[in-house]
Each structure stands twice: as C-alpha cells, then as structure tokens.
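One structure is given here, and the rest of the page talks about it.
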Amino acid sequence: MCATCGCGGDGVRIGEAEHGHGHGHPESVVSDDGRSGDQSHSRRVELEVDLLAGNDALAGRNRRRLDAAGVRALNLMSSPGSGKTTLLERTVRELGAEVPCAVLEGDQETALDTDRIAAAGARAVQINTGAGCHLDAAMVARGLDALDPPPGSLVFVENVGNLVCPALFALGEHARVVIMSVTEGADKPLKYPHMFRTADLVLLTKVDLLPYVEFDVARWVGYAQRARPGVAVLEVSATRGDGLDGWFDWLRGLVTSPVTSPVTGSVTTAGSPPPPPAPG
Amino acid sequence: MHELGITQSVVDAVTDRLGPSPVRRVRLEIGRLSGVVPDAVRFCFELVTAGTTLEGAVLEIDEPEGEARCRTCGTAFATSEVLPLCACGSADVEVLGGASLRIREVELVAREGHPGDVRGAEVD
Ligand SMILES: Nc1nc2c(ncn2[C@@H]2O[C@H](COP(=O)(O)OP(=O)(O)OP(=O)(O)O)[C@@H](O)[C@H]2O)c(=O)[nH]1
Ligand SMILES: [Mg+2]
Ligand SMILES: [Zn+2]
Ligand SMILES: [Zn+2]
Ligand SMILES: [Zn+2]
C-alpha cells in the first residue's frame, strides 16, 4: 500500500475511475536536521517527521479546493450500521431541493450505499477501500475529482463504519459529525474518546427504538459533553422523522456560517470548544 | 488497523529522506494520547520493513504522557488517558500534549573508517 497517502495498491477503488494520482507526496512535509554521529560505524540523523503530516497536507489541499468552489463538506463517522446512509437518503430527499447535496460513500466493498443515494436523487461516488478501514485525504481528493460537486453544494463524506481509525485522518472537511444509534449503548463517547473529542456535532439516531432498549439519553449527553465540551448534540430518527428539522437547521447553519474547524483536526488537544455552526 | 499505514509512512519517510543507507535503529515518538498503539506498530514494523533498508533495524518508541490540569481544584498531573479524572473527582480536566506521532531519530550503518561522515554523503 502507498502509506504516505494510505491510498494503496491494496485495492482502493473510486467509482469506475482508475488509480491515477501519481503518488505525488508533498516534499515539504519532512525536514531533516542531520548531525554527524560520534559512535563508530554509525551515524545518527535527527529526523523530525510528523507521521500524519502527509495526510494533513493533502487534507489542506482538499479544503482549499472546496472553499474555492464554495462547497461545504462533512465527515460522517460512526460504527457500521448506525444509520448514516439512511439519514443521508432522507436528507437528500427533504433538503436536496433547497441545498444541493452530493455524497462520497466510503465502504470496504460494494456500491450499495451509492446506489441508495442515487435513488434518493443526489450525485454520489463510491470509494471502496478494500482492506482499508478508514478514508484518508488522498482517497477523498480522488473522490472529489469524480464527484465534481456543484458550487454552493453540501458534500457528505460517509466514512467507513468504524469508531476508531477514521478519527486520525483529516479529509479537508468543514465539520465532523459523529453518529451513533441507541442500540450501541450510552457509554460509547467514553469508550471511543478519540472519535468523539474532535466532533463538531454528535448525533444520536434510531430514537424511535428507545422504548425497546435501555438507553439513558441524559447520561449519553453527559458523556458526549465530557468527551467534547460544548459539542452540539441532536437526537433523530431517520425512519420516523423525529428531530430531522434540527438536523436540517444545523446543516443550513453550516452552509451559511463563516468557516470553521481547522483542517488538521486529527490529533488536536482535547478540550478546545468546537466552532458550532450557528443553527438556523 | 491504522497502525499499518502509520508504520508504512515511517518506512517511506526514512527511505525518501535517507536513501539507500542501511538503517540500524529508528526512534519514534508515539504519545499516549495519539490514538496509535505502539505494540501494533511494533508488530507491523517487521512486516513492513522486510526487503527495505530498515530490515532488521531496532525500533525504539518513546511514549510521552499528556499533561493534565484540573479546572476544579487546579492540580496538575501526568496522564495516559484522553479523558482523565482528577483525584478530586472532577472530570473537568484540561489535557495538553501526549498526542505526538513522529520520527525522532534514525541511526544509519556507516562504513568502516568513516565513523563521523556527514549525512547523506556517499563516502568511498
Ligand atoms: N429503527 C430505525 N432503524 C434505522 C434508522 N436508521 C437506520 N436504520 C436501520 O439501520 C440499518 C443500517 O442503516 P444504514 O443507513 O445502512 O447504516 P450505515 O451507518 O450507513 O451502515 P454502513 O454504511 O454499513 O456502516 C438499516 O436496517 C436501517 O433501516 C432509524 O432511525 N430507526
Ligand atoms: Mg452506509
Ligand atoms: Zn483505518
Ligand atoms: Zn485502525
Ligand atoms: Zn481536581
């Protein structure tokens, strides 16, 4: 696999397109500071290389490109099956006429989610990561090439279902949305703090199932706030429709707000309050 | 397993910057709050370095802790947790540092008789 960008000869596929970004990893990400060693038969080289710098640089490039086109992008992260695509289908149907929506779908295999989004009426491109368990900035760059989102649109990037890896890899998004469903248990923000601590919005879905599972919403809100003090929190049901107006308002706020979170949200220090897009 | 990609980026960075010289030792810094598991990197290292200039190199990993400061009682303490609790019971704790993820230093095998040769220079 190509590890600087993570994109990989290990089988990452974008829509029908070919792997064609030429592996031009930015040269400027590393700086070495050599000095001669004093041990015989060896020399030591100080090499201060940030291991995420390559991805962060590509994320910055994605962000500049999105900004130039007046496009806002969201990175949607959750465990598998929490309801990301269902929420996006509904969003495309109900908000799409007002705000143009386009979707990058990340999954290890299949174009099932892309087909669902297309059927709902939005432009969508599938990114299959093969063995990869998260999207990175290089994959998203290629996905954006294929998606070619119209100016003024909202791009939803549905990350690979995984509450661990995607947290480290900035994509160039303007906001990070962490989604979880009521069947997953209220303790997840504390168990997966890396994911939650950089969220701009934490969204609880499948609330229509609350009567059937033990899930203390107030406790969950407390945990989410502990992981990310001040974070915006929404509760929705994508199937029954509860709370969707709040979600749409939050999205409208993102579209109209002056920007937003830093490009390299990857390894930030916890505790800095998120820049909430003004709702409504 | 993002550690596989992270480890691969170590190999890429070293071979990009230091060319064909065989590597004897690599020192990384993986902060306790970085979200990367050092043991997983160690596991991947052997796999990923096979057939490269880093094959057989010793891998050393520094694991700095984060610094926490309780906003309730003011106590400062070192922590390995992303969401630490203060001894006073407060969860309102500010955490700084401990999230680094980088290569610190590489030791190359130098040729006999040229113990102090300069970086990158090919010496005959
Ligand atoms: N009851 C209920 N079920 C839901 C809701 N949202 C999604 N589901 C169901 O949850 C299952 C998974 O939904 P998806 O939208 O495919 O989840 P996903 O997060 O996109 O899944 P992956 O992309 O595979 O990670 C489906 O059976 C949905 O019908 C909801 O609000 N309420
Ligand atoms: Mg999906
Ligand atoms: Zn991963
Ligand atoms: Zn991982
Ligand atoms: Zn305290």
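What's counted below: heavy atoms across the whole structure, side chains too, no hydrogens, waters or symmetry copies. Protein chains get the first letters and strands the later ones, always in sequence-line order, with residue 1 at the start of each. Keep in mind it's a predicted model, so treat the numbers as computed, not measured.
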Could you go through the salt bridge (charged side-chain N to carboxylate O under 4.0 Å, His left out) check for B/Arg102 and A/Glu48 one step at a time?
CA-CA 7 Å; B/Arg102 58 186 170 172; A/Glu48 294 288 341; 3.3 Å; yes
Once rounded to the nearest 0.5 Å, what's the spacing between atom CG of A/Leu168 and atom CD of B/Glu3?
8.0 Å
Do other residues, nucleotides or ligands put more than 12 heavy atoms under 6.0 Å from the CD atom of A/Gln225?
yes
Could you walk me through whether A/Val164 and B/His2 pass the side chain to side chain contact (heavy atoms under 4.5 Å, CB included) check?
CA-CA 9 Å; A/Val164 181; B/His2 48 292; 3.9 Å; yes
For residues B/Leu33 and A/Arg197, report the shortest heavy-atom separation together with the two atoms involved.
O-NH2, 3.2 Å
Answer yes when B/Glu105 and A/Arg44 have at least one side-chain N-carboxylate O distance shorter than 4.0 Å, and no when they do not.
yes
Between A/Arg226 and B/Leu83, the two heavy atoms sitting closest are NH2-O, 2.9 Å
Determine all donor-acceptor pairs shorter than 3.5 Å in which one atom belongs to a side chain in residues 35-51 of chain B; sequence neighbours excluded.
residue: B/Asp39; atom: OD1; partner: B/Arg42; partner atom: NH1; Å: 2.8
residue: B/Thr49; atom: OG1; partner: B/Phe45; partner atom: O; Å: 2.7
residue: B/Thr49; atom: OG1; partner: B/Glu46; partner atom: O; Å: 3.3

Please report the interatomic distance CG(A/Leu47) to CZ(B/Arg17), rounded to the nearest 0.5 Å.
7.0 Å
State the OG-CZ distance between B/Ser21 and A/Arg43, to the nearest 0.5 angstrom.
5.0 Å
Partners of B/Thr52 by side-chain hydrogen bond (donor to acceptor under 3.5 Å, both in side chains), sequence neighbours excluded?
none
Side chain to side chain contact (heavy atoms under 4.5 Å, CB included) partner of A/Leu51, the single match among B/Thr7, B/Asp12, B/Ile103
B/Ile103
Shortest non-hydrogen contact from A/His194 toward B/Ser34
CE1-C, 3.8 Å
Taking all non-hydrogen atoms of both residues into account, name the closest pair between B/Leu101 and A/Asp50 and its distance.
O-OD1, 3.5 Å
Residues B/Val10, A/Val49; criterion side chain to side chain contact (heavy atoms under 4.5 Å, CB included); working and verdict:
CA-CA 9 Å; B/Val10 171; A/Val49 178; over 6 Å; no
